[in-house]
Amino acid sequence: LHVLTHSLHYAGAVFEGERAYGGQIFKLREHTERLKLSAGILDYEIPYSIEEIEEACKTVLKEQGLQDAYIRPVAWRGSEMMGVAGLGNTIHLAIAAWEWPSYFDPAQKRKGLRLDLAQWRRPDPRTAPFRAKASGLYMIATLAKQTADRKGYDDALMLDWRGQVAECTGANIFFVKEGALFTPAPDCFLDGITRRTVIDLARKRGITVHERAIMPEELEGFEQCFLTGTAAEVTPVSEIAAWNFEVGSLTQQLMLDYAAGVRPKSAAA
C-alpha cells in the first residue's frame with residue numbers, strides 16, 4: 001500500500017468477511033455479490049468478475065492449506081490522485097485468509113456475552129451508505145468495541161440515530177420472547193448474510209420471526225438474546241447493560257442448526 005492510497009485517507013475500502021468450513025467457503029456467491037455491490041455504492045467498479053473473485057478466494061484458501069478459516073477480500077482506490085474525489089484511481093483487490101476459530105472467547109460464548117451500551121449510534125441512512133460493507137462505517141464500531149473492552153464487556157450494543165436498537169459492533173442481534181424471534185429491521189445498518197441465514201433456519205423450524213423497530217425499554221421483556229455474524233456465527237448474550245437474558249433452548253437450537261448448516265455434507269457426516 002502506498003502512503004497516499006486514497007482509501008486510506010478517505011475511507012473508500014470495501015470488504016467481506018467469509019468463513020470456510022471443511023475447505024469450502026460458506027455462501028461465497030452471496031459474499032462476492034455483496035462485495036461488488038458495496039464497491040458500486042461507493043461509486044467504483046472492481047475490475048474482476050464475480051467468478052474471478054470466487055476462484056481467487058478458493059485459490060488463496062487452497063494455497064494456504066487451510067480447511068477451517070476466515071477469508072477477507074478487500075478492494076480499495078489507489079494512490080494516483082489525492083483529492084477528495086476518487087475518480088481516476090486504480091482499483092485494487094486483495095484476498096487474505098487465516099485461521100480464526102472463534103471471534104469471542106469460547107468459555108464466555110457458552111455462558112453468554114456481556115454487552116455494554118455504546119455511546120455511538122448508527123447514522124441516519126441519508127448521511128451514510130449503510131448498505132455497503134465499507135471501512136468508514138466501522139470507525140464508530142471500533143470506538144464502541146474498544147470502550148466496551150476497557151470496561152470489561154465482550155462487545156457493545158449500538159442504537160440508531162432514532163434511539164432504536166440497531167446492532168452490535170460487528171454482528172446483528174436477535175431477541176426471543178414466547179417462542180418467537182425479534183430482530184431490528186435493517187434500515188440503517190448492514191443486513192448480514194448470517195442474519196438472513198438464521199432467519200431462514202428459524203422459519204424452517206416454524207419459528208415466527210418479527211423484523212421491526214425495537215426500543216431499548218422492550219429489552220426487559222425479552223427472555224433470550226443472541227448475535228449473528230460470519231465471525232461471531234451464532235453467539236448467545238447473557239447481559240446488556242442492566243438487562244439480563246438466559247442462554248435458552250431456542251438459542252442453543254439455532255446454534256446447532258447453524259453449525260450443521262455451514263459444514264459441507266461430507267464434512268458434516
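Keep in mind it's a predicted model, so treat the numbers as computed, not measured. Hydrogens, waters and symmetry mates are skipped; everything else that's a heavy atom, side chains included, is used.
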Reported CD1-to-OG1 distance for the pair Ile193 and Thr197, which is rounded to 0.5 angstrom: 7.5 Å
His210 vs Thr208 side-chain heavy atoms within contact, under 4.5 Å: yes
Flag for Tyr138-Lys133: side-chain donor and acceptor within less than 3.5 Å: yes
Linked, directly or transitively: Tyr258 and Met255 (ILVMFWY side chains, under 4.5 Å): yes
Taking every non-hydrogen atom, the tightest pair across Arg34 and Gly192: NH1-CA, 4.0 Å
Ala213 versus Gln164, closest heavy-atom pair with distance: CB-OE1, 3.5 Å
Between CG on residue Leu87 and CG on residue Asp43, distance to nearest 0.5 Å: 6.0 Å
Any residue meeting salt bridge (charged side-chain N to carboxylate O under 4.0 Å, His left out) with Glu18, in chain and number order, not counting sequence neighbours: none
Under 3.5 Å donor-acceptor, Ser7 side chain and Arg77 backbone: yes
Residues in salt bridge (charged side-chain N to carboxylate O under 4.0 Å, His left out) contact with Asp191, at least two apart in sequence or another chain: Arg195, Arg196
Side-chain donor/acceptor of Thr147 to backbone N/O of Leu143, under 3.5 Å: yes
Inter-residue atom distance Ile214.CD1 - Leu219.CG, 0.5 Å rounding: 7.5 Å
Flag if over 12 foreign heavy atoms under 6.0 Å of CE, Met81: yes
Path from Val237 to Phe175 over hydrophobic side-chain contacts below 4.5 Å: yes
Sequence neighbours excluded - salt bridge (charged side-chain N to carboxylate O under 4.0 Å, His left out) pairs with any residue from residues 155-173: Arg122-Glu167, Asp160-Arg162, Arg162-Asp187
Arg263 side chain vs Tyr21 backbone, donor-acceptor pair below 3.5 Å: no
Atom CZ of Arg212 with >12 non-hydrogen neighbours under 6.0 angstrom: yes
Closest contact, heavy atoms only, Leu227 versus Ala171: CB-CB, 4.0 Å
Met215 and Val165, any side-chain heavy atoms less than 4.5 Å apart: no
Show me, pair by pair, the donor-acceptor contacts under 3.5 angstrom made by side chains of residues 56-67, not counting sequence neighbours?
unit_1 : atom_1 : unit_2 : atom_2 : d
Thr59  : OG1    : Glu55  : O      : 2.8
Gln67  : OE1    : Gly23  : N      : 3.3

Worked verdict on Thr183 versus Glu211 for side chain to side chain donor-acceptor pair (under 3.5 Å): CA-CA 5 Å; Thr183 188; Glu211 298 182 75; over 6 Å; no
Distance under 6.0 Å and angle within 45° of ring axis: Arg19 vs Phe26: no
Neighbour count >12 (heavy atoms, 6.0 Å) for atom CD, Glu217: yes
Whether His9 side chain and Val3 backbone form a donor-acceptor pair below 3.5 Å: yes
Expected output: side-chain Thr127 to main-chain Pro123 donor-acceptor under 3.5 Å: no
Residue pairs, two or more places apart or on separate chains, that pass salt bridge (charged side-chain N to carboxylate O under 4.0 Å, His left out) and touch residues 83-100: none
Salt bridge (charged side-chain N to carboxylate O under 4.0 Å, His left out) partners for Arg29, two or more places apart: Glu51, Glu54
Phe245 backbone acceptor or donor facing Glu239 side chain under 3.5 Å: no
Under-4.0 Å salt bridge between Lys27 and Glu33: no
Heavy-atom side-chain contact between Ile71 and Ile95 under 4.5 Å: yes
Distance flag, aromatic centroids of Phe222 and Phe182, threshold under 6.0 Å: yes
Beyond-backbone contact of Cys225 with Trp243, side-chain heavy atoms, under 4.5 angstrom: no
Non-hydrogen side-chain atoms of Tyr44 and Val14 separated by less than 4.5 Å: yes
Asp116 side-chain N/O to Ala118 backbone N/O, donor-acceptor pair under 3.5 Å: no
Shortest non-hydrogen contact between Pro184 and Ala166, atoms and distance: CG-O, 3.5 Å
Donor-acceptor under 3.5 Å (His6 side chain, Thr90 main chain): no
Closest heavy-atom pair and its distance - Leu157, Cys168: CA-SG, 4.1 Å
pair Val176-Leu181: side-chain heavy atoms closer than 4.5 Å: yes
Thr230 (side chain) donor-acceptor with Gly17 (main chain) under 3.5 angstrom: yes
Cluster link Ile53 to Trp76, ILVMFWY, side chain under 4.5 Å: no
Separation between CZ of Phe226 and CD1 of Ile173, rounded to the nearest 0.5 Å: 9.5 Å
Main-chain N/O of Glu80 paired with Asn89 side-chain donor or acceptor, under 3.5 Å: yes
Heavy-atom check, side chain of Arg205 versus side chain of Asp257, under 4.5 Å: yes
Interatomic distance, Trp161 atom CH2 to Asp124 atom CG [nearest 0.5 angstrom]: 4.5 Å
Closest approach of Pro129 to Leu137 (non-hydrogen atoms, all atoms of both residues): O-CD1, 3.5 Å
Path from Trp100 to Leu113 over hydrophobic side-chain contacts below 4.5 Å: yes
Validation row: Met139, Trp120 side chains within 4.5 angstrom (heavy atoms): no
Worked verdict on Glu218 versus Lys177 for side chain to side chain contact (heavy atoms under 4.5 Å, CB included): CA-CA 11 Å; Glu218 293 185 68; Lys177 182 178 180 179; over 6 Å; no
Ion pair Asp149/Lys145, N-O distance below 4.0 Å: yes
CG on Leu93 to NZ on Lys36, rounded to 0.5 Å: 9.5 Å
